[in-house]
Amino acid sequence: AQSVTQLGSHVSVSEGALVLLRCNYSSSVPPYLFWYVQYPNQGLQLLLKYTSAATLVKGINGFEAEFKKSETSFHLTKPSAHMSDAAEYFCAVSLTGAARQLTFGSGTQLTVLP
Amino acid sequence: DGGITQSPKYLFRKEGQNVTLSCEQNLNHDAMYWYRQDPGQGLRLIYYSQIVNDFQKGDIAEGYSVSREKKESFPLTVTSAQKNPTAFYLCASSISPLGAEAFFGQGTRLTVV
């Protein structure tokens with residue numbers, strides 16, 4: 001069984017501040033982990049994915065995430081927020097990496113304040 | 001440009017009517033998926049297809065039907081048996097059924113009036 005918990009349905013940061021979006025997973029085996037971004041009324045775009053190679057994963061738009069097995073976490077970070085980062089972010093897990101086995105978290109809405 | 005096209009972007013349906021959502025991809029992907037998204041929730045898998053003429057139920061298939069007659073197309077029909085059809089529907093595809101990144105369409109917002 002697998003599940004994903006995203007702590008904080010809404011996060012607000014000031015422009016230029018650190019972005020930290022939290023994701024904890026539950027999985028019986030080391031999973032594949034993903035972060036997706038969704039802009040209003042749009043589909044999801046893959047930001048980054050963890051596939052058991054490097055534990056620190058760099059993605060698009062300056063985002064990165066670190067896989068911490070001991071904490072069962074895969075938090076998303078960006079050193080300096082930009083107004084264009086305002087969107088909803090979803091963490092997802094898959095035991096095999098197969099898209100049909102993706103389990104999504106409930107999402108975190110990121111607001112960037114000027 | 002390669003991608004996934006969903007149409008229409010907005011759709012209104014009267015209660016008791018069936019409605020079909022279109023999903024077309026020109027990525028030459030084998031696998032396609034339909035997800036439902038409700039406010040404050042993650043995506044839930046409705047149906048998926050790993051190859052032409054084959055499809056499997058996902059977690060919330062009741063009240064929905066699909067077909068996969070062509071590799072490029074995976075339409076979703078929301079039937080009158082779906083009790084709460086108002087939602088945002090997302091179609092996705094991946095190059096293969098296993099271990100592959102999912103690419104998403106722009107979504108269709110269905111509202112029952």
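Chain naming here is simple, since letters A, B, ... match the order of the sequence lines and numbering starts at 1 in each.
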message = Given heavy-atom pairs under 4.5 angstrom as the criterion, report whether the side chain, backbone, both or neither of B:Leu90 touches chain A.
response = side chain
request  = Side chain from CB out, backbone as N, CA, C, O: work out which of these in B:Phe103 comes under 4.5 Å of a heavy atom of chain A, or both, or neither.
outcome  =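 No part of B:Phe103 comes within 4.5 Å of chain A.
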Interface moiety of [X] toward chain B, non-hydrogen atoms closer than 4.5 Å:
{"X": "A:Tyr36", "answer": "side chain"}
{"X": "A:Gln38", "answer": "side chain"}
{"X": "A:Tyr32", "answer": "neither"}

query = Quick one: CZ on A:Phe90 to CD on A:Gln6, what's the gap to the nearest 0.5 Å?
reply = 7.0 Å
Minimum heavy-atom distance between A:Phe74 and A:Phe34, given as atom pair plus value =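 Heavy-atom minimum between the residues: CE2-N, 4.1 Å.
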query = Taking atom types as modelled and ignoring hydrogens, do the side chains of B:Glu24 and B:Ser73 form a donor-acceptor contact shorter than 3.5 angstrom?
reply = yes
ask   = Would a 4.5 Å heavy-atom cut-off, applied to side chains only, mark A:Leu102 and B:Tyr35 as touching?
value = yes
Top contributor to chain A contacts, counting heavy-atom pairs under 4.5 Å, from B:Gln50, B:Gln37, B:Gln56 =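 With the most close heavy-atom pairs to chain A, the winner is B:Gln37.
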request  = Select, from B:Ala31, B:Gly40, B:Ser93, the one with the greatest count of heavy-atom pairs under 4.5 Å involving chain A.
outcome  = B:Gly40
request  = Check the pair B:Ser94 / B:Tyr33 against side chain to side chain donor-acceptor pair (under 3.5 Å), numbers first and verdict last.
outcome  = CA-CA 9 Å; B:Ser94 61; B:Tyr33 315 85; 2.6 Å; yes
ask   = Is there a donor-acceptor pair under 3.5 Å between the side chain of A:Thr108 and the backbone N or O of A:His10?
value =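 Checking the backbone N and O of A:His10 against the side chain of A:Thr108, no donor-acceptor pair under 3.5 Å is found.
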